[in-house]
Asks: 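Below are the structure tokens for one structure; questions will follow.
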Amino acid sequence: MPQYQAVKGTRDIFPDEAARWKFVEGMVHVLASLYGFSEIRTPVFEYTELFQRGIGSTTDIVGKEMFSFLPDPKGRSLTLRPEMTAGVMRAALQNNLLSSAPVHKLYYIGELFRKERPQAGRQRQFSQFGAELLGVSSPAAVAEVITLMMQVFESLDLHGLKLRINSLGDTDDRIRYREALQGYFSPFRDILDDSSKERLEKNPLRILDSKNPALQELIAGAPRLYDYLNDASLQDFEKVLFYLRERGIAYEIDYRLVRGLDYYCNTAFEVTSSELGAQDAIGGGGRYDGLARELGSSADVPAVGFAVGMERLLMTMEKQGLFAALDSRAPLVYVVVQQQDLFDHGMQIAWQLRHAGIKTEIDLAARSMKAQMREANKINASFALFIGSMEQTTGFYSLKNLITSEQTLLSLEAVLELLQESAAKEPLKL
RNA sequence: GUGAUUGUAGCUCAGUUGGUUAGAGCGCCAGGUUGUGGCCCUGGAGGCCGGGGGUUCGAGUCCCCUCAUUCACCCCA
């Protein structure tokens with residue numbers, strides 16, 4: 001056993017896997033840009049109050065999952081961000097972003113921290129990418145955000161995902177519904193489990209989320225939020241659905257989808273993957289018009305956004321075999337040194353090749369020629385360039401095509417030319 | 001925080017009712033005649049059998065504790 005191991009709920013990402021991350025991140029950058037979203041990077045930690053106010057103190061995230069710490073005995077409590085939205089909104093408000101333009105479309109990729117027990121698809125440090133559209137939360141804005149999210153999935157060739165959507169109504173709707181729910185559940189108080197009892201007072205909507213089998217029947221009979229929506233909320237929701245249909249985005253209305261963060265209102269949505277096991281939500285989001293005021297803004301900042309779990313996304317892609325073609329290590333040419341007294345010359349040649357933009361590898365472990373060739377083969381090099389005493393004296397080098405096994409004797413100039421041609425056909429893999 | 005699960009070489013795992021120097025495959029390293037890969041063959045390195053305590057003549061195998069893993073609950077991405 002090693003002396004040190006990675007902290008519970010954290011993990012290392014080695015080169016082969018890192019290549020997959022880069023691939024996905026690249027797609028996110030390209031598509032976000034295509035939809036007119038610009039990248040924002042906010043600090044990894046914030047004042048604890050930001051999350052308490054923003055996410056809501058009744059939520060599990062704030063109640064028991066935050067990594068909080070005091071920088072010094074007199075300092076204010078800080079917290080490793082458990083989600084991105086509050087930080088983005090804080091950044092926007094602090095810098096008065098909305099005064100420069102009425103609408104801001106931002107996206108991010110970043111690490112988040114939550115002190116939960118790890119399990120499949122759940123880490124204490126994990127990553128999300130997401131987008132926040134600030135300034136407008138019209139159905140068009142909601143559709144814009146959902147469409148971007150779905151486009152990422154589509155472009156990555158993911159299949160078998162399910163988009164569920166619901167409307168949480170506006171503030172008035174929810175106040176009326178909340179009362180109705182309390183009225184419905186109160187007589188059954190004795191049947192409810194502890195957490196549901198607590199929610200009955202603080203946030204009865206979240207009782208609907210419970211997976212407790214004993215409560216399913218009771219929950220099924222509860223009044224539907226949908227029936228408490230006023231005309232404006234209904235029309236708003238219908239318009240969102242209209243946009244999705246227009247774009248061929250399949251969805252399913254789930255009247256019990258409420259989502260765990262306090263700041264959501266009106267449209268809320270979630271995407272699940274059938275490949276993931278218990279933690280099957282790959283992404284989700286919704287409208288959060290009230291967040292800005294909650295954070296002290298004097299003006300309303302309507303907003304809508306989504307977040308997608310990178311690990312869960314990668315996991316689903318893995319299961320669906322979508323990474324088969326990635327091979328990040330393969331160099332174009334492997335410089336093979338006959339004897340170690342020619343190593344310095346080999347290094348010099350390798351440098352010239354690299355300087356010319358050719359992805360080149362050379363053995364630094366001083367192994368035998370056979371071992372070098374085996375290595376070249378193993379890492380999928382396209383060519384081997386031999387450095388022997390003959391090459392050094394004549395200035396002509398043996399270049400072997402490792403796919404066809406053809407070998408030719410060329411001047412270094414000709415080698416460079418040939419490899420550059422070959423590199424142009426097959427762009428450098430990063 | 002609760003429950004269950006697993007913990008033997010770098011990786012995936014065997015290890016019979018407790019019995020001598022703990023094994024395999026893959027990977028790694030070196031060779032298979034003197035400057036050349038993939039297949040194949042040979043050899044080698046590498047394990048306080050998670051840690052501690054106990055039962056026993058004897059424990060990788062049984063018991064207790066502990067640490068860690070994984071999965072699930074809660075909840076979320």
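Per chain, numbering begins at 1; letters A, B, ... match sequence-line order.
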Asks: Of all heavy-atom pairs between Ala303(A) and Met89(A), which one has the smallest distance, and what is that distance?
Replies: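 Between these two residues, the closest heavy atoms are CB-CE, 4.0 Å.
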
Asks: Is there, by distance only and without an angle test, a donor paired with an acceptor across the side chain of Ser405(A) and the base of G38(B) below 3.5 Å?
Replies: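 By the distance-only test, yes, there is a pair.
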
Asks: Quick one: list whatever passes side chain to side chain donor-acceptor pair (under 3.5 Å) with Ser233(A), sequence neighbours left out.
Replies: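 With neighbours one apart ignored, the set is Asp173(A), Asn230(A).
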
Asks: By the 4.0 Å heavy-atom rule, please label Gln407(A) as base, sugar-phosphate, or nothing.
Replies: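 If one applies the 4.0 Å heavy-atom cut-off, Gln407(A) turns out to touch a base.
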
Asks: I want to confirm an ordering. Mapping Arg124(A) and Pro118(A) to their closest nucleotides on RNA chain B, which one lands closer to the 5' end?
Replies: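 Comparing both residues, the 5'-ward one is Pro118(A).
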
Asks: Within the pair Gln279(A) and C73(B), is there a side-chain N or O less than 4.0 Å away from OP1 or OP2?
Replies: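 So the side-chain polar atoms of Gln279(A) do come within 4.0 Å of the phosphate oxygens OP1 or OP2 of C73(B), strictly under.
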
Asks: Measure from the side chain of Asn377(A), starting at C-beta and using heavy atoms only, and say which of G37(B), U36(B), U2(B) lies closest.
Replies: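 Closest nucleotide among those given: G37(B).
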
Asks: Indicate whether OP1 or OP2 belonging to U70(B) is found under 4.0 Å from a side-chain N or O atom of Gln119(A).
Replies: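 No, because none of the side-chain N or O atoms of Gln119(A) sits under 4.0 Å from OP1 or OP2 of U70(B).
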
Asks: Write down the partner of U17(B) under the Watson-Crick or G-U wobble criteria, each distance required to be under 3.5 Å.
Replies: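 In the structure as shown, U17(B) has no Watson-Crick or wobble partner.
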
Asks: What's Ile282(A) touching, base or sugar-phosphate or nothing? Going by heavy atoms closer than 4.0 Å.
Replies: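 Result for Ile282(A) = sugar-phosphate.
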
Asks: Remember a base hit wins even if backbone is also touched, and classify Gly121(A) as base, sugar-phosphate or nothing at under 4.0 Å, heavy atoms.
Replies: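 Base, at least one base heavy atom under 4.0 Å.
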
Asks: Any side-chain N or O of Lys400(A) below 4.0 angstrom from OP1/OP2 of G37(B)?
Replies: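 No, no such contact exists.
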
Asks: Tell me which one of Tyr107(A), Phe23(A), Phe37(A) satisfies ring-ring contact (aromatic ring centres under 6.0 Å, His included) with His29(A).
Replies: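 For His29(A), the ring-ring contact (aromatic ring centres under 6.0 Å, His included) test succeeds with only one of Tyr107(A), Phe23(A), Phe37(A), which is Tyr107(A).
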
Asks: Kindly point out which of A68(B), G38(B), U36(B) is positioned nearest to the side chain of Gln5(A)?
Replies: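 Selected nucleotide: A68(B).
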
Asks: For nucleotides 28-34 of chain B, just jot down a letter per nucleotide in 5' to 3' order: B, S or -, based on protein non-hydrogen atoms under 4.0 Å.
Replies: SSSBB--

Asks: Counting C-beta onward and ignoring hydrogens, is there a side-chain heavy-atom pair between Glu375(A) and Asp363(A) closer than 4.5 Å?
Replies: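 The answer is no; the side chains never approach within 4.5 Å.
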
Asks: How do Ala281(A) and Val7(A) order along RNA chain B: which one's closest nucleotide is nearer the 5' end?
Replies: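 Nearest nucleotide further toward 5': that of Val7(A).
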
Asks: Going by purine N1 to pyrimidine N3 plus the second Watson-Crick contact, or the G-U wobble pair, all under 3.5 Å, which nucleotide sits opposite C26(B)?
Replies: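 Partner of C26(B): G10(B).
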
Asks: Taking the side chain from Lys105(A) and the backbone from Tyr35(A), do they hold a donor-acceptor pair closer than 3.5 Å?
Replies: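 At least one qualifying donor-acceptor pair exists.
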
Asks: Tell me whether Arg122(A) is salt-bridged to Glu116(A), with the criterion being a basic N under 4.0 Å from an acidic carboxylate O.
Replies: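 Salt bridge flag = yes for Glu116(A) with Arg122(A).
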
Asks: Going by modelled atom types, is there a donor-acceptor pair between the base of U36(B) and the side chain of Gln372(A) at under 3.5 Å?
Replies: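 When only heavy-atom distances are counted, Gln372(A) does not reach the base of U36(B) through any donor-acceptor pair under 3.5 Å.
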
Asks: For a quick check of understanding: with a heavy-atom distance under 4.0 Å over all strands, which category does Lys64(A) fall into, base, sugar-phosphate or nothing?
Replies: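 Base contact.
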
Asks: Between U36(B) atom P and Ile387(A) atom CD1, what is the distance in whole Å?
Replies: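 Spelled out: CD1 on Ile387(A) to P on U36(B) is 15 Å.
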
Asks: Looking across every strand, which nucleic acid part, if any, lies under 4.0 Å from Glu111(A) by heavy atom: base, sugar-phosphate, or nothing?
Replies: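 The answer is nothing, as Glu111(A) stays clear of every strand by at least 4.0 Å.
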
Asks: Distance criterion of 3.5 Å, no angle test: do you see the side chain of Glu65(A) paired donor-to-acceptor with the base of G1(B)?
Replies: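 Per atom types, no contact qualifies.
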
Asks: Over all strands shown, is Met310(A) touching base, sugar-phosphate only, or nothing at heavy-atom distances under 4.0 angstrom?
Replies: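 Answer is nothing: Met310(A) stays at 4.0 Å or more from every strand.
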
Asks: Classify Ala120(A) by what it touches in the nucleic acid, base, sugar-phosphate, or nothing, heavy-atom distance under 4.0 Å.
Replies: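 Sugar-phosphate, backbone atoms only, no base.
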
Asks: Quick check: are there more than 12 heavy atoms from other residues, nucleotides or ligands sitting under 6.0 Å from OH of Tyr47(A)?
Replies: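 At most 12 heavy atoms, drawn from other residues, nucleotides or ligands, come within 6.0 Å of this atom.
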
Asks: Check the orientation of Tyr264(A) and Tyr288(A). Use parallel for under 30°, tilted for 30 to 60°, and perpendicular for over 60°.
Replies: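 It falls in the perpendicular class, over 60°.
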
Asks: If I take atom CG in residue Leu313(A) and atom P in nucleotide A77(B), what distance separates them, rounded to the nearest angstrom?
Replies: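 The answer, rounded to whole Å, is 15 Å.
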
